[in-house]
Protein chains: 2
Amino acid sequence: MERELLKGNTPTMILAVLCQGPLHGYAIAREIERRSDNQLKFKEGTLYPALHALEYDGWIKGQWETTSQGRKRKVYTITQAGHAELKRRHHAWTEFANVMAQVIGGEPHGQQG
Amino acid sequence: MERELLKGNTPTMILAVLCQGPLHGYAIAREIERRSDNQLKFKEGTLYPALHALEYDGWIKGQWETTSQGRKRKVYTITQAGHAELKRRHHAWTEFANVMAQVIGGEPHGQQG
DNA sequence: TTATTATACGTCGTAATCCAATGCATAGCA
DNA sequence: TGCTATGCATTGGATTACGACGTATAATAA
């Protein structure tokens with residue numbers, strides 16, 4: 001999958017996943033990979049900074065928990081503001097996808113300018 | 001229009017426009033704006049470096065010409081390799097757009113991990 | 001015991017990209 | 001003389017993805 005195409009969409013995908021329920025970082029990455037039929041690979045260098053930024057902006061909230069196996073992990077929950085942000089980003093993506101279709105799929109036009 | 005969403009798609013749009021016929025830089029920018037119903041604004045800092053990179057990669061070819069008004073401009077033509085590259089990029093974009101739809105538009109799933 | 005894999009968190013540096021700001025030059029118009 | 005449009009270009013800042021690396025626990029295999 002083309003690296004640059006992903007740019008700007010990582011937070012949107014994370015919010016979309018968390019919209020279905022709280023998950024910890026590692027599970028979020030796995031869930032995005034699952035939803036994309038393994039076409040997307042979510043790396044640590046992408047995931048964790050993105051989560052921290054989302055929490056800093058108040059769109060998600062992290063809570064440390066310990067599993068029965070004694071392993072610590074940080075479970076993230078989407079906030080009210082996060083839901084609004086997701087809606088806004090979802091809309092922006094749809095708009096952009098439409099524009100792209102218009103530009104790269106556009107019909108022929110008069111040659112020179 | 002969201003700035004980050006554009007990332008990586010600029011060369012694709014330029015190739016798509018040139019696919020319809022040769023144009024000089026300034027006209028390419030105006031054409032992309034026209035096709036996007038002015039939702040996209042193409043700035044010089046984005047346009048010219050992108051054109052130079054495309055020419056360096058051999059996907060477009062620039063040719064200086066002088067108009068009847070005596071104004072010089074560089075007219076770009078898409079190459080054979082450029083057509084192939086456009087096809088590849090067009091495909092990559094479609095794939096990515098589908099993946100995005102799957103991830104952010106996905107149906108509900110079992111909560112916790 | 002030792003090695004490997006999976007889980008789970010994180011940081012840092014590099015590369016890629018968009019764009020605001022700035023610059024140069026020509027042309028038409030008020 | 002100023003303003004706007006055309007037409008080219010560079011530079012530096014900001015944002016982003018990710019490879020590489022580091023830490024730690026647990027299960028599985030040799």
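The sequence lines fix the lettering, A, B, ..., with proteins before strands; numbering per chain opens at 1.
Between the CG atom of A:Leu51 and the P atom of D:dA17 there is a distance of 12 Å, rounded to whole Å. For the pair A:Lys7 NZ and D:dA14 P, the computed distance is 16 Å after rounding to whole Å. At whole-Å resolution of the value, CZ in B:Phe42 and C1' in D:dA5 are 20 Å apart. Put simply, CD on B:Glu33 is 13 Å from C1' on D:dA5, counting in whole angstrom units. For B:Glu31 and D:dT6, the CD to C1' distance is 17 Å, given to the nearest whole Å. When the P atom of C:dC18 is taken as reference, atom CG of B:Leu40 falls 11 Å away, rounded to whole Å. If you measure from atom CZ of A:Arg30 to atom P of C:dA6, you get 10 Å, rounded to the nearest angstrom. Atom-to-atom, CZ of B:Arg89 to P of C:dT17 comes out at 8 Å; the value is rounded to the nearest Å.
Of the residues near DNA chain C, A:Thr46 and B:Glu44, the one whose nearest nucleotide (by heavy atom distance) lies more toward the 5' end is A:Thr46. Nearer to the 5' terminus of DNA chain D, by closest-nucleotide assignment, is the contact made by A:Leu6 (compared with the other of A:Leu6 and A:Gln69). Of the two residues contacting DNA chain D, namely A:Pro11 and B:Arg3, the nearest-nucleotide position lying further toward the 5' end is that of B:Arg3.
Checking C:dC18, C:dC9, C:dA27 against every side-chain atom of B:Arg71, the shortest atom distance belongs to C:dA27. For B:Tyr26, counting side-chain heavy atoms from C-beta on, the closest listed nucleotide (C:dC18, D:dG7, D:dA9) is D:dG7. The side chain of B:His24 lies closest to D:dC8 when the candidates are D:dC8, D:dA17, C:dC18. Listed nucleotides: C:dT7, D:dA17, D:dT10. Nearest to the side chain of B:Pro49: D:dT10. Side-chain atoms of B:Glu4 lie closest to D:dT16 of the nucleotides D:dC18, D:dT16, C:dC9.
Residue B:Tyr48 places at least one side-chain N or O closer than 4.0 Å to OP1 or OP2 of D:dC8. Proximity of A:Thr10 to the phosphate of D:dA17: a side-chain N or O atom is located under 4.0 Å from OP1 or OP2. Within the 4.0 Å cut-off from OP1 or OP2 of D:dT10, at least one side-chain nitrogen or oxygen of B:His52 is found.
At the heavy-atom level, A:Gly70 lies nowhere under 4.0 Å from the strands shown. If you check every strand for non-hydrogen atoms under 4.0 Å, B:Lys43 touches sugar and phosphate atoms only.
The base of D:dA24 does not come close enough to the side chain of A:Lys72 for any donor and acceptor atom to sit less than 3.5 Å apart. Contact annotation: side chain of B:Arg73 to base of D:dC8, donor-acceptor pair absent below 3.5 Å.
For the pairing with A:Arg35, the side chain to side chain donor-acceptor pair (under 3.5 Å) check across A:Glu31, A:Glu33, A:Gln39 returns one residue only, A:Glu31. Of the residues A:Thr94, A:Asn9, A:Thr12, the one that meets the side chain to side chain donor-acceptor pair (under 3.5 Å) test with A:Arg89 is A:Thr12. Considering A:Leu15, A:Ile28, A:Thr77 in turn, A:Leu15 is the only one that fulfils the side chain to side chain contact (heavy atoms under 4.5 Å, CB included) rule with A:Ile60.
A donor-acceptor pair is defined here as one N or O able to donate and one able to accept, closer than 3.5 Å; such a pair exists between the side chain of A:Ser36 and the backbone of A:Leu40.
Residue B:Ile14 comes nearest to B:Ala50 through the heavy atom pair CD1-CB, 3.9 Å, listed as atom of the first residue, atom of the second, then distance.
Counting non-hydrogen atoms of other residues, nucleotides and ligands closer than 6.0 Å to NZ of B:Lys41 gives a total above 12.
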